[in-house]
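A, B, ... follow the sequence lines: proteins, then strands. Residue 1 opens every chain.
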Amino acid sequence: MRGTQRQYLGRRSSQPKVDIANNIILYVEDVSVSFDGFRALNHLNLYIEVGELRCIIGPNGAGKTTMMDVITGKTRPDSGSAWFGQTIDLLTLSEPEIAQAGIGRKFQKPTVFPNHTVFENLELAMAGTRSPWRLLVARLDGEQLDRIAEVLRTIGLADRRDAIAGSLSHGQKQWLEIGMLLMQDPQLLLVDEPVAGMTPQETERTAELLVSLAGTRSVVVVEHDMDFVRSIARTVTVLHEGSVLAEGSIDDVQANPRVVEVYLGE
Amino acid sequence: MTQSKSLLGTLWTERGSRAFYAVLLLAAVLVPVLNLGVAESSALHVPTYTVALLGKYLCYALLAIAVDLVWGYCGILSLGHTAFFALGGYAMGMYLMRQIGTRGVYGDPLLPDFMVFLNWKELPWFWHGMDTFWFAMLMVLLVPGLLAYAFGWFAFRSRVTGVYLSIITQALTYALLLAFFRNEMGFGGNNGLTDFKDLLGFDLQKPGVRVALFLASALALGLAYAACRAVIASRLGRVIEAVRDAESRTRFIGYRVENVKLWVWVFSALLAAVAGALYVPQVGIINPSEFAPIGAIEIVVWVAVGGRGTLYGAALGALLVNYAKTWFTGALPEVWLFALGGLFVGVTLFLPQGIVGLIAQLQARLRRPAPPKEASA
């Protein structure tokens with residue numbers, strides 16, 4: 001079992017191992033969050049399998065971003081539980097601890113470090129050393145440089161390596177942020193609206209990349225673009241008013257009368 | 001913003017550093033020679049008074065780069081660095097007081113004059129050991145360092161940022177100001193510590209000793225500058241700037257932002273403490289007014305005027321503003337505070353990158369005199 005896990009996830013030894021004995025990497029159970037009386041999440045249940053590519057859709061205010069905030073430690077729920085694998089209780093960890101445990105997040109608005117170069121953005125995100133004293137003396141070794149070069153090629157920014165990230169186009173920033181996510185080498189990627197503002201070609205490449213990542217990692221994508229969702233998703237979860245309305249293949253979900261009502265009724 | 005960084009980064013950072021070292025080295029050679037080697041009657045002679053004044057400016061420059069490191073690079077606007085500066089100064093002052101011995105007004109071999117005056121019978125516990133140079137120097141670093149650590153630990157863990165953090169740093173230095181005013185604290189109250197005689201057995205009034213202190217300040221400034229540059233050039237430096245630009249993003253890629261901030265904060269406080277310790281023997285007094293919040297704000301003005309986030313700009317700003325202050329307080333003392341305020345408003349409005357930013361801009365303009373041509377090419 002242990003051997004297959006290793007092979008499956010291709011983990012670095014620096015991160016704690018996630019116990020995925022039941023083939024489920026993320027458990028969100030009965031989670032509720034209220035803001036000033038508004039129920040952003042209402043007894044939400046969500047299970048993500050190892051290597052799965054899951055799309056989450058839902059109208060505005062359905063709780064998609066709040067759900068990501070709970071998983072990454074930004075928001076603490078009023079009740080419920082969230083576990084990463086069998087053993088890591090996400091509700092007891094801080095944001096950096098969750099990131100180090102192996103959950104990476106790409107934000108809706110691209111948030112790269114605008115005054116650093118593309119290369120430095122990737123270097124910052126790279127899994128590994130996080131202590132100030134060690135960072136003071138740390139130098140990139142050959143393997144790490146290769147890894148950055150590889151990601152630069154993957155995200156198509158190899159020729160912009162030394163450009164200041166703030167000078168990139170919107171689509172390039174989205175790609176750089178995906179690259180930073182890859183450098184973190186997470187087991188679970190949470191990706192919020194990855195193709196917003198992208199050209200059709202860029203969207204297509206993003207779809208290819210996300211599909212290629214699934215299998216070795218688990219990927220959760222929040223997206224409004226239904227064509228994009230159709231092109232990548234095997235399983236789609238529909239959120240509505242803070243809980244799951246429907247779950248299944250894209251065709252099943254689109255044929256579901258309650259989903260149609262929620263989307264078309266507005 | 002991004003353009004100016006690339007401009008400053010590629011054209012100026014290295015060149016600015018080289019200019020900084022060159023000027024510092026030149027001063028370290030010329031000032032001693034012109035003071036000790038040239039006859040007093042000569043027009044080229046630098047009086048000992050000026051040597052001490054320049055030494056004081058060097059201490060201010062060191063204080064300014066300490067503030068620039070936390071403000072310009074990590075985004076922490078400290079309005080309380082006077083606390084660390086003055087505590088370092090007090091530790092040095094205590095050592096110098098203990099060196100006076102029987103030469104004080106009251107001639108008490110153990111107690112400093114102010115304690116005799118207050119009718120104290122024995123030395124307070126925290127004055128013990130301060131007659132030993134190495135121990136006093138250890139305290140110069142340890143006391144401000146521990147205060148910075150404790151303050152930073154609480155402030156950064158509770159994620160106090162921005163204006164709120166600046167205000168509590170002001171409160172910190174103000175609280176110390178009030179505490180040190182009290183005679184019962186055992187630091188000479190309102191009058192502070194003064195009337196120093198000698199340091200390591202050398203008479204502080206001798207020109208040679210003044211020059212040595214000036215050189216020690218220049219050396220400390222040069223080493224601190226190089227250390228800050230090394231920190232910024234390291235991977236830690238990139239994380240520090242990442243915290244400044246996008247704090248929560250840095251957290252989401254796995255950095256404990258509070259630890260990064262704490263590291264820079266304590267490092268910067270130690271530099272300020274060293275500046276304070278070198279400052280006291282050169283000005284001959286340390287009193288609670290060094291804790292004054294207005295002083296902490298002045299440091300920020302120096303850094304802003306010179307150009308923040310460059311280090312050499314901070315040193316330049318400290319030099320220029322203090323020269324202006326010396327001139328104003330001599331010629332037009334009542335105008336100085338207005339000039340300082342006007343300077344800060346003016347720089348904020350018209351020179352967001354400070355003087356070094358202006359120089360970089362002018363250079364860039366000179367280098368490509370016809371921008372439309374370049375655009376077509």
Side-chain angles (χ1 to χ4, degrees), chain A residues 14-15 68-69 71-74 93-107 109-117 119-140 144 162-168 177 180-181 183-186 190, chain B residues 1-10 13 69-70 72-75 149 152-153 156-159 227-268 308-310 353:
Chain A
S14 60
Q15 283 161 323
M68 292 219 176
D69 286 347
I71 297 168
T72 53
K74 194 178 178 193
L93 301 182
S94 66
E95 295 108 310
E97 284 168 338
I98 290 171
Q100 286 178 30
I103 297 183
R105 177 174 184 181
K106 190 210 149 298
F107 290 80
K109 202 177 120 217
T111 45
V112 298
F113 296 107
N115 294 316
H116 291 70
T117 65
F119 178 87
E120 286 168 347
N121 267 275
L122 296 177
E123 178 200 56
L124 278 166
M126 185 168 59
T129 319
R130 289 291 185 266
S131 116
W133 283 108
R134 274 195 230 134
L135 282 166
L136 188 62
V137 293
R139 297 278 173 278
L140 294 173
Q144 290 170 322
D162 297 317
I164 297 293
S167 70
L168 297 178
E177 204 177 351
M180 291 165 73
L181 208 52
M183 290 306 300
Q184 274 178 266
D185 198 19
L190 305 176
Chain B
M1 200 62 198
T2 54
Q3 223 178 8
S4 64
K5 148 120 192 194
S6 68
L7 206 67
L8 285 178
T10 54
T13 307
L69 187 67
V70 286
Y73 290 90
C74 199
Y149 188 88
W153 196 84
F156 302 140
R157 264 179 69 94
S158 358
R159 299 193 184 172
C228 289
R229 272 273 162 259
V231 168
I232 291 157
S234 74
R235 282 182 61 192
L236 177 61
R238 253 104 69 198
V239 179
I240 289 168
E241 289 183 80
V243 168
R244 175 195 63 194
D245 295 338
E247 181 170 334
S248 88
R249 187 73 183 92
T250 316
R251 208 172 268 131
F252 278 113
I253 52 176
Y255 292 97
R256 287 167 187 271
V257 167
E258 62 273 24
N259 291 357
V260 175
K261 283 184 173 176
L262 190 59
W263 195 97
V264 199
W265 178 254
V266 173
F267 182 69
S268 166
R308 102 176 126 123
T310 60
Q353 301 280 317

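When all heavy atoms of R249(B) and F113(A) are compared, the closest pair comes out as CG-CZ, 3.8 Å. Between G254(B) and Q100(A), the shortest heavy-atom contact is O-NE2, 2.5 Å. Across H116(A) and R238(B), no two heavy atoms sit closer than the pair NE2-O, 2.9 Å.
Summarising the geometry, atom OG belonging to S94(A) is positioned 9.5 Å from atom CZ belonging to R157(B); distances are rounded to the nearest 0.5 Å. For the atom pair OG1 (T129(A)) and CG (L236(B)), the distance works out to 11.5 Å, reported to the nearest 0.5 Å.
Interface remark: S248(B) contributes no atoms to any contact with chain A (heavy atom separation under 4.5 Å). Only the side chain of D245(B) comes within contact range of chain A, with at least one heavy atom under 4.5 Å from a heavy atom of that chain.
Judged purely by atom type and a 3.5 angstrom limit, Y255(B) has no side-chain atom pairing as donor or acceptor with the backbone of S131(A).
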Point to revise | Audit row: F252(B), T111(A), side-chain contact (heavy atoms from CB on, under 4.5 Å) steps and yes/no | key: CA-CA 11 Å; F252(B) 278 113; T111(A) 45; over 6 Å; no
Check your understanding: What do the steps show when you test R105(A) against I253(B) for side-chain contact (heavy atoms from CB on, under 4.5 Å), and what is the final call?
Key -> CA-CA 8 Å; R105(A) 177 174 184 181; I253(B) 52 176; over 6 Å; no
Check your understanding: How far apart are the C-alpha atoms of V257(B) and E95(A), what are their side-chain angles, what is the distance that settles it, and do they pass the side-chain contact (heavy atoms from CB on, under 4.5 Å) test?
Key -> CA-CA 10 Å; V257(B) 167; E95(A) 295 108 310; over 6 Å; no
Exercise for review: Take E241(B) and E120(A), measure what side-chain contact (heavy atoms from CB on, under 4.5 Å) needs, and give me the verdict at the end.
Suggested key: CA-CA 11 Å; E241(B) 289 183 80; E120(A) 286 168 347; over 6 Å; no
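Comparing A242(B), G237(B), A230(B) by how many heavy-atom pairs each has under 4.5 Å with chain A, the most go to A242(B). Interface summary for chain B: among E177(A), R134(A), K74(A), the most heavy-atom pairs under 4.5 angstrom belong to E177(A).
Sparse packing is recorded around OH of Y149(B), with 12 or fewer heavy atoms of other residues, nucleotides or ligands lying under 6.0 Å away.
E123(A) has its side chain within reach of R235(B): a pair of non-hydrogen atoms, C-beta onward, lies under 4.5 Å apart.
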